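Letters A, B, ... are given to chains in the order of the sequence lines, protein chains preceding strands, and every chain is numbered from 1. In what follows, every heavy atom counts, from backbone to side chain, and hydrogens, waters and symmetry copies are set aside. These numbers come from a predicted model, not from an experiment.
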Amino acid sequence: MEKVRLSDTLIMDRIIHGHWRLMDWKMTREELLHFTEEVMDLGITTVDTADIYGGFSCEEAFGDALKLKKGLREKLTIVTKCGIVFPCENRPQYETHHYDNSRKHIIQSAERSLKNFGTDYLDLLLIHRPSPFMDPAEVSEAFRQLYDSGKVRNFGVSNYESTKFEMLSSYTEYPLVTNQVEISPLHLDVFQDGTMDHLMTRGLYPMAWSPMAGGELFTGDSQRVKNVRSTLLSIGEKYGETRLDTLAFAFLTSHPGKILPIVGSGKIDRIKNAMDALKIQFTQEEWLSVYKASIGKNLP
Amino acid sequence: MEKVRLSDTLIMDRIIHGHWRLMDWKMTREELLHFTEEVMDLGITTVDTADIYGGFSCEEAFGDALKLKKGLREKLTIVTKCGIVFPCENRPQYETHHYDNSRKHIIQSAERSLKNFGTDYLDLLLIHRPSPFMDPAEVSEAFRQLYDSGKVRNFGVSNYESTKFEMLSSYTEYPLVTNQVEISPLHLDVFQDGTMDHLMTRGLYPMAWSPMAGGELFTGDSQRVKNVRSTLLSIGEKYGETRLDTLAFAFLTSHPGKILPIVGSGKIDRIKNAMDALKIQFTQEEWLSVYKASIGKNLP
Amino acid sequence: MEKVRLSDTLIMDRIIHGHWRLMDWKMTREELLHFTEEVMDLGITTVDTADIYGGFSCEEAFGDALKLKKGLREKLTIVTKCGIVFPCENRPQYETHHYDNSRKHIIQSAERSLKNFGTDYLDLLLIHRPSPFMDPAEVSEAFRQLYDSGKVRNFGVSNYESTKFEMLSSYTEYPLVTNQVEISPLHLDVFQDGTMDHLMTRGLYPMAWSPMAGGELFTGDSQRVKNVRSTLLSIGEKYGETRLDTLAFAFLTSHPGKILPIVGSGKIDRIKNAMDALKIQFTQEEWLSVYKASIGKNLP
């Protein structure tokens, strides 16, 4: 598996395993351990999750599996997130869905993540959403405390506009090592709103969530989705590749911005499909033909 | 009254008194003097006005009051603006409403402001609106002449996009110390278009005009305004605060970007209501609940 | 003719002659030589073209004329572009209209331009369109090879958003000396989306294509176009100028951003009309009146 260096203390896989829907996989802790080891055997040791996934339950479920095997956590690069809260069974104390970017909440959430995973450090902690009410001094102070105590080794953001990225960067002494954003053949915003330009200017690599557009790429029956699907499959013919997910991942990994897609599946074949994307490099014409099919018009 | 330092030579109040509607107050010069002293006794000594307010008449009306009492002006921090012109009784020479950001106009307007106030310096002069035809070299030269002659001590802008702010900044040797923009619970653009991020990145504090949305917050009967109003009042219950204006000002002053709201009232009670906002600090959840009520949807 | 310095090795005319529609002029090579010399006698020695103009035929047609007269090319400043490809008689190998910003294509296109013109250097090469798939490292490497071999003396871009301009700038060791963009009284985007602010911040001068909006300024019969036209002509009365094109060019050349308009005509009178714009300097009120007529509303 191709590796990418994001900082002195952070090397990530080019394809990352995502736990967003881990609870849907309905695995026992033993099954999850086994699956995790299968994924690791394929070469993927970077895991992306978040405090809120599964209604604040995925981190703990994964931690329960990790605890079955001593030394496993050290072989993994764990990315998690904080900053969103909402009322649910595991968080009855909240009344509304909102963001909490206070120093106190960031630290408490990170510490709870550590406990969930049964570890004493996180490789990367992301602020999950940009908040119009964020106090960058508080976030920076939380980062400092978490870094100094060794609890978090690297920091980043997710879904950030470039202006907010620059704003937080100007307040914190720790580099923001990535911006995890939505990218798929059906979700091209980052190529149009300056986000990708900004990351490339900074020499940063985005992590990409929902690279299959939450499944819509497979199941959508709008003309737009059909066009994107047929364009991808038609390109695949040249490479002898008929797997739609492999081709969609190749759309992401072919981009010069070194996009790190997250494959959020509990099936080992899906993980393999994603990894095989790295064998394909779209030409300029091929990549742009997918782009044009998705925006529904020609380029000027 | 909390004070905020904007430059070596500029300290402003956290809440600023605004003269936009001074002519509507129908005060004699003696009444205006008395009212000004009442406001000053409350601790507010920063006054925001503009050459154009009241059809180019507010500055002079205020100056007439100031001239009644020797030494009063020196106790005040006076902010005024220039760059907009339009035909009216006081400016029959103009044919159309337009912007004039020429060196000559900026200097003439500032000098007329000095005369209006009966003073020999302005604490802060703002370019009132970004013009697509602004020549930054001319503006910069006007600033230099006004600064060197001691006529203006600080410069800033109003209603500027961040790109134009950066552009003008790159041409002038004087720091732009603020950007006066519209902010209210009903006007959230600055949180969405990067303006607030830009100011926070630069470590600058915005002055906020129309913090009550020109009264719409009180009188609007759309569902949106009703929702914002009831959300503010519901938060107020927690703090034992029933005054809508106090709560709306608290929405602004609670923000970490250190917003300096302008209270544009001729009634001393309204000024007090604004000042009492500083006793309330909204939580992240409270602030975002107002934000959500205003945008009419949940956050992602 | 006023000259503008864009780099140590690049001086351009304030008004540039454009070859976009050269094939429509239906000139023999002798006629084109004669016309080119006429334009040069007027003082315009900067020519703007592109590999794709005339279906990949304009460069060669111009080169055929140049080859008739030894020493002529050295008196000219030649600007051309690359990066767009599409299927046509001269490029049957392409299947779709797309962008190719690969190192290989940029170098090949520039070398073919050299051959077309019968020269061994280009004064300025522009990347024709921003591509969402551009690899800035490849573009930069192409620039390096073309510069080191003496084949291209200066580089720039066309139609670039400021974020992509900054991104490419951060990768290449050669300054991007201009951004050629669409500007006309009917096309004001650059004044509204930050592009002009960005160029002025960087101290760069835009080349302006379609300054007459592709002729729509003359022929359009919408109320908007009529308003813009009558506003221009009404301003012209003050200057004793009745030529609409002269007035539209004056709208561009009056702007403090030092816009370099491209006049794309094969008629010498049209060139003279454009040049005469430099005798007129719109006032702030005049310029903004055209702007307001075009956006169809007053300024705030």
By a 4.5 Å heavy-atom criterion (distance strictly below it), what part of A:Ser170 contacts chain B: side chain, backbone, both, or neither?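 For A:Ser170, the contact with chain B is made by the side chain alone.
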
Of the backbone (N, CA, C, O) and the side chain (C-beta and beyond), which part of A:Phe165 lies under 4.5 Å from a heavy atom of chain B, both, or neither?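 Neither part.
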
No-hydrogen, no-angle side-chain donor-acceptor test under 3.5 Å, B:Glu286 and B:Tyr239: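 Side-chain D/A pair, B:Glu286 to B:Tyr239: present.
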
Return yes if a side-chain donor-acceptor contact under 3.5 Å exists between B:Ser294 and B:Arg224, otherwise no.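 On atom types as modelled, these side chains qualify, holding a pair under 3.5 Å.
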
Can you check whether A:Leu6 reaches A:Leu260 side chain to side chain, under 4.5 Å on heavy atoms?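 They are in contact (side-chain heavy atoms under 4.5 Å apart), so the answer is yes.
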
I'd like to check B:Phe143 versus B:Val139 (side-chain heavy atoms, cut-off strictly below 4.5 Å). Are they in contact?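 Yes. Closest side-chain heavy atoms under 4.5 Å.
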
Portion of [X] that has a non-hydrogen atom of chain A nearer than 4.5 angstrom:
| X | value |
| --- | --- |
| B:Leu288 | side chain |
| B:Met200 | both |
| B:His198 | neither |
| B:Ser162 | neither |

Are A:Phe56 and A:Phe86 near enough that their ring centres are under 6.0 Å apart?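 For A:Phe56 and A:Phe86, the ring centres are under 6.0 Å apart.
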
Interface residue of largest heavy-atom contact number with chain A, from B:Gly257, B:Ser289, B:Pro256, under 4.5 Å: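 Between B:Gly257, B:Ser289, B:Pro256, the count favours B:Pro256.
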
B:Tyr147: which residues meet the ring-ring contact (aromatic ring centres under 6.0 Å, His included) condition with it, sequence neighbours left out?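 So B:Tyr147 forms a ring-ring contact (aromatic ring centres under 6.0 Å, His included) with B:Tyr174.
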
Going by an N to O cut-off under 4.0 Å, is there a salt bridge joining A:Glu166 and A:Lys164?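 No, no charged N to carboxylate O under 4.0 Å.
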
Strictly below 4.0 Å, N to O, side chains only: are B:Asp245 and B:Arg270 in salt-bridge contact?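 The answer is yes: the pair qualifies as a salt bridge.
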
Looking only at heavy atoms, which of residues 92-114 of chain A get nearer than 4.5 Å to chain B?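 Listed by number: A:Glu95, A:Thr96, A:His97, A:His98, A:Tyr99, A:Asp100, A:Asn101, A:Ser102.
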
Angle between ring planes, B:Phe191 versus B:His255, binned at 30° and 60°: parallel, tilted or perpendicular?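 Because their plane-to-plane angle lies in the 30° to 60° range, the rings of B:Phe191 and B:His255 count as tilted.
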
